[in-house]
Amino acid sequence: MVETEAYLGPEDPASHASTRSGITNRNRMMFEAPGVAYVYRIYGVHWCLNVITGAEGEGQGVLIRGVEPTVGVESMARRRHGRRPLAAGPGRAAQALGVDGSLNGHHLSHTPLELLTGWTIADADVAITGRVGVAKAAEWPLRFFVRGSTGVSKASPHPGQRDALPPSP
DNA sequence: ACTCCGATTGTT
DNA sequence: ACAATCGGAGTA
């Protein structure tokens, strides 16, 4: 998992948990407990996988934007119908991992999808930029990716951005 | 009920 | 540059 984007709770204008709508049928899994998957359909075409990270009710989650294939490459290629890149980008990553709407709301410890942790990545190898494809608060430095990884979706939209922080809640 | 549009991708 | 594709969310 080499590229992610954080979406904060109701105070984040770009988040589906934004206070504008409150809790709806679409975004309600954002407010679930940490480790729950929030999967939603974008542009009527692709699935996007988020992992809830905030405490229950907080509405914080992390969008999985890019995966660098290491094991199971054959399966990923099959699910992607041989298209490249295999898993760089949220839609591609979800498809490569076999994620669809049926996973929405399931805790990741209770699904075929297993989240492995334990890798250490040096801070110097992690780039932090603004978020991709959002209309509001795009400049908030909440996109994280491993420099040079083939699993990263695209070049940084806001090069060099590393300092600014989102407003404290 | 009706319109608008999106945390994207693939093709022209 | 643009189509694909559809349900959520906002407006009435």
Exercise. Represent DNA chain B in dot-bracket notation, 5' to 3'. Only Watson-Crick or G-U wobble pairs with both distances under 3.5 Å count; pseudoknot-style crossings use [ ] and interstrand partners use |.
Key: ||||||.||||.
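A donor-acceptor distance shorter than 3.5 angstrom exists from the side chain of His107(A) to the backbone of Ser109(A), with no hydrogens or angles considered. Side-chain atoms of Arg84(A) never come within 3.5 Å of backbone atoms of Ala77(A) as a donor-acceptor pair (strictly under, hydrogens ignored). A donor-acceptor pair is defined here as one N or O able to donate and one able to accept, closer than 3.5 Å; such a pair exists between the side chain of Glu3(A) and the backbone of Ser153(A). Using a distance-only test at 3.5 Å, with no hydrogens or angles considered, a donor-acceptor pair links the side chain of Arg80(A) to the main chain of Pro85(A). Put simply, the side chain of Asn27(A) gets close to the backbone of Gly22(A): a donor and an acceptor are under 3.5 Å apart.
Look at Asp100(A) and Arg79(A) and you find no salt bridge, because none of the NZ, NE, NH1 or NH2 atoms lies under 4.0 Å from a carboxylate O.
Not one side-chain nitrogen or oxygen of Thr24(A) sits closer than 4.0 Å to the OP1 or OP2 atom of dG8(C).
In this structure, Arg26(A) forms no cation-pi arrangement with Tyr38(A), as its terminal cationic atom is not both closer than 6.0 Å to the ring centre and no more than 45° off the ring axis.
In this structure, Ile23(A) and Arg28(A) have side chains that are in contact, with non-hydrogen atoms separated by less than 4.5 Å. Between Ile64(A) and Val51(A) there is a side-chain heavy-atom pair separated by less than 4.5 Å.
The footprint of chain A on DNA chain B, defined by a heavy-atom cutoff below 4.0 Å, extends from dG6(B) to dG10(B).
Using a 4.0 Å cutoff on non-hydrogen atoms, the parts of residues 34-46 of chain A near DNA chain C are Arg41(A), Tyr43(A), Gly44(A), Val45(A), ordered by number.
Mapped onto DNA chain B by nearest heavy atom, Gly133(A) and Arg92(A) fall at different nucleotides, with Gly133(A) at the one closer to the 5' end. Toward the 5' end of DNA chain B, the nearer of the two residues Val134(A) and Arg84(A), judged by each one's closest nucleotide, is Val134(A).
Going from the P atom of dC2(B) to that of dT5(C) covers 23 Å, rounded to whole Å.
Atom CD1 of Ile23(A) is separated from atom C1' of dA9(C) by 16 Å (rounded to the nearest Å).
Judged by distance alone, the side chains of Thr53(A) and Gln60(A) never bring a donor and an acceptor atom under 3.5 Å apart.
At a threshold of 4.0 angstrom between heavy atoms, the contacts of Arg28(A) with the nucleic acid are absent.
Ring centroids of Tyr40(A) and His16(A) are separated by less than 6.0 Å, placing the two rings close together.
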